[in-house]
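For ligands, and for the atoms within them, numbers begin at 1 and follow the listed sequence. Just so you know, these numbers come straight off a predicted model, no measurement behind them.
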Amino acid sequence: MTLTQDRPTLAASRNDLPTWWRNAAVYQIYPRSFADANGDGVGDIAGIRSRLGYLAGLGVNAIWINPWYPSPMKDAGYDVSDYRDIEPVFGTLDEADAMIAEAHALGIKVIIDIVPNHTSDQHRFFVEALAAGPGSPERDRFIFRPGRGEDGALPPNDWQSCFGGPAWTRTTNPDGTPGDWYLRLFAPEQPDVNWDNEDIRSEFLATLRFWFDRGVDGFRIDVAHGLVKDSALPDVGDLPFPLPEDWPDDVDHPHWDRPGIHEIFRTWRAVADEYAPQRAFCGEIWVGRPRRLAAYLRDDELHTAFNFDFLMCPWLASDLRTVIDATLATHAAVGAPATWVLGNHDVCRPVSRYARDQRLGQPMDRNLVHFLGRPADLDAGLRRARAAALLMLALPGSAYIYEGEELGLPEVEDIPLDAMQDPTVKQTFGADPGRDGCRVPIPWDADASGNYGFSPAGASAPWLPQPSGWGERSVSAEQGVPGSTLELYRSALAIRNAHPALGDGDMQWLDSPADVLAFSREPGFACWVNVGPEPVALPADAKVLVRSGDLTADGALPSDTAVWLELG
Ligand code: GLC
């Protein structure tokens, strides 16, 4: 049932460009949930290899694989215990090498995830740090401090974990008495490293080289805006984050987006630049201020960064237009390509996000918790997600597709509490349903056996339960079906790979009704997206290349529908 590799040459020819990363349509593989070859209910590298033909047929230019390193899996692999090996649940280093070679043979670049803000508490460095005790060089690789209050019983400051609760964990001394605290902005098993420490700096540079030498084409950098902390560790108090756009640059948050980060990434860029073909970075940078994001994208720093403003933007024409304009202007100022992203393994899937009232009384947030209990119109959500896909793939720059988006998968919102795996759930005592709903294993087959084709027949249950009806959105149910979301993505990516107007470059807004986003790209291409409630007329002389839904009987573009046009 694997799709044949029918269009690799188009995707591959884009990848022959030295600046492939300025154009790439990147497919995100969450390895636990993509394809399980050995039947243990967890996806693996052998599963990815078996589906590379599908990805080539889909027409993506690159894959980004979430962490595949040895890990106690306290945060689904973002707690890395060895950055230069493969987690046995996922496979072996030999299999990773083979996968990289096979992807390259199909014209697909390989980006992997690096986690430099924190390690696992089982990483050799942290084990050594605990054993060595206060004041040791081993402890200096992390951020240990005595507590406040009587007997140091209170955390060193008021910083909060992104997963809920205080950002500090107290150690126990060898004699059993309570010891110093260590900083961990995420789970207790994810100690933050100290980027002022030379061992840390050289260790990560060596890791970059290790994987570049194996042929990896780039890294997605986890929590790239978090590496540097104010070493005085002041309280955050009521300082907001993101800081408001109009605040002066000399106001800094004590642990996000600090100026010292840029110097670190310059050393990373110098390593990447030693390699040919060009290696590239994409930063996970949640700063909420376009000009601060662009600061990471200067010539000698990161190549690209995720555009989370676009991801978080409601489905409203004026908001989308504002985000697109701000993105293009700030990226142009530093000569970097924009990226466009609708979803990932941390956020509510776009179908379910767009299914909610877009005029919420609060800014759109990325997490499911903000949508729970709000009425959902999943048909509208799917229509909008499909239109958003055409918008994203037509905008200048590169684009990211999270596995399952090409199937129109919704968020799974009814995972039983006892089946949830995300540490956010535990750290908020269940108040936040976390991110498991977008991580449910992919349905490859309409037939429910073998976990809807995620695993071989007779396999263990999948690591997260799949909902009944998952098969209706499976690859086998959608492949070859005109109008399916899978075929929409395949058509759009094929056009994107072949059309000289698409990928990197410029765009011009066209005159259109206020609820419509219409823009052209040279030569001869236009994208129209109707975000409003009423159908709108399309230019009379244009040929439709691909559309996210049917046009009206008289050829108008209906509500929540997008179209790509070849202009005469
Ligand atoms: C990033 C990852 C997320 C992880 C966190 C801590 O935000 O995308 O999945 O939990 O970093 O590493």
Side-chain angles (χ1 to χ4, degrees), residues 26 28-34 43 64-81 83 87 111-123 126 142-143 159-165 167 169 183-193 195 204 207 219-227 229 241-242 255-257 261 281-288 293 296 302 305-308 311-312 339 341-349 365-369 400 402-403 411 420-428 432-440 463-464:
V26 185
Q28 181 190 349
I29 294 180
Y30 195 68
R32 298 183 74 75
S33 303
F34 186 61
W64 150 36
I65 303 174
N66 290 91
W68 57 1
Y69 312 107
S71 166
M73 297 290 163
K74 299 298 181 191
D75 182 21
Y78 281 97
D79 46 324
V80 179
S81 54
Y83 290 79
E87 161 63 36
I111 298 169
I112 60 172
D113 216 311
I114 191 160
V115 189
N117 181 67
H118 44 267
T119 65
S120 159
D121 63 351
Q122 300 306 307
H123 189 281
F126 194 72
F142 295 87
I143 303 173
W159 297 3
Q160 295 293 299
S161 159
C162 298
F163 293 160
T169 296
L183 178 71
R184 41 84 182 176
L185 288 174
F186 293 89
E189 299 86 356
Q190 292 170 299
D192 282 52
V193 300
W195 273 92
F204 275 94
T207 295
F219 285 92
R220 175 265 189 191
I221 305 172
D222 189 60
V223 196
H225 58 304
L227 271 45
K229 279 85 184 176
F241 195 81
H255 64 75
W256 295 132
D257 188 28
I261 294 176
F281 295 116
C282 183
E284 186 210 21
I285 302 171
W286 295 91
V287 289
L293 182 74
Y296 289 77
L302 306 185
F306 293 108
N307 181 358
F308 292 125
L311 184 154
M312 289 194 287
T339 68
V341 53
L342 293 171
N344 64 31
H345 63 292
D346 289 330
V347 302
C348 178
R349 283 195 178 272
D365 203 305
R366 58 197 175 118
N367 289 329
L368 174 60
V369 69
Y400 283 77
Y402 175 48
E403 63 179 32
E411 183 85 358
M420 288 183 178
Q421 308 276 335
D422 185 355
T424 311
V425 181
K426 194 165 87 186
Q427 283 185 221
T428 61
D432 188 326
R435 303 162 293 177
D436 291 323
C438 64
R439 299 174 176 181
V440 173
W463 72 282
L464 282 173

Please round to the nearest 0.5 Å and tell me the distance separating atom SG of C282 and atom CZ of F219.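 Between C282 SG and F219 CZ, I get 13.0 Å after rounding to 0.5 Å.
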Can you name the atoms of ligand 1, numbered from 1 with element, that are less than 4.0 Å from a heavy atom of [X]?
{"X": "H118", "answer": "6 (C), 12 (O)"}
{"X": "R220", "answer": "2 (C), 8 (O)"}
{"X": "V223", "answer": "1 (C), 11 (O)"}
{"X": "E284", "answer": "1 (C), 7 (O), 8 (O)"}
{"X": "D222", "answer": "1 (C), 2 (C), 6 (C), 7 (O), 8 (O), 11 (O), 12 (O)"}
{"X": "R435", "answer": "3 (C), 4 (C), 9 (O), 10 (O)"}

Do NZ/NE/NH1/NH2 and the carboxylate oxygens of D75 and R435 come within less than 4.0 Å?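 Salt bridge flag = yes for R435 with D75.
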Does this structure show an ion pair linking D79 with K74, if we count only N-O contacts that are shorter than 4.0 Å?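 Here D79 does not pair with K74 in a salt bridge, since their nearest N and O are not under 4.0 Å apart.
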For D257, enumerate each residue passing the salt bridge (charged side-chain N to carboxylate O under 4.0 Å, His left out) test, keeping only those at least two apart in sequence or located in another chain.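 Counting only residues at least two positions away or on another chain, D257 forms a salt bridge (charged side-chain N to carboxylate O under 4.0 Å, His left out) with R292.
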Considering residues at least two apart in sequence or located in another chain, which fulfil the salt bridge (charged side-chain N to carboxylate O under 4.0 Å, His left out) criterion with R439?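 For R439 the salt bridge (charged side-chain N to carboxylate O under 4.0 Å, His left out) partners, ignoring immediate neighbours, are D346.
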Geometric class of the F306/W64 ring pair [parallel <30°, tilted 30-60°, perpendicular >60°]: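 The arrangement is tilted - the two ring planes meet at 30° to 60°.
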Near-ring test Y83/H123, centroid separation under 6.0 angstrom: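 Yes, the ring of H123 comes within the 6.0 Å limit of the ring of Y83, centre to centre.
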Between F163 and ligand 1, which residue portion shows a heavy-atom distance shorter than 4.0 Å: side chain, backbone, both, or neither?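 Within the 4.0 Å criterion, F163 contacts ligand 1 through side-chain atoms alone.
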What part of R439, side chain from CB on, backbone N/CA/C/O, both or neither, has a heavy atom under 4.0 Å from ligand 1?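 Side chain only.
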Heteroatom proximity flag, W286 to ligand 1, N/O under 3.5 Å: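 It does not: no N or O of W286 is found under 3.5 Å from an N or O of ligand 1.
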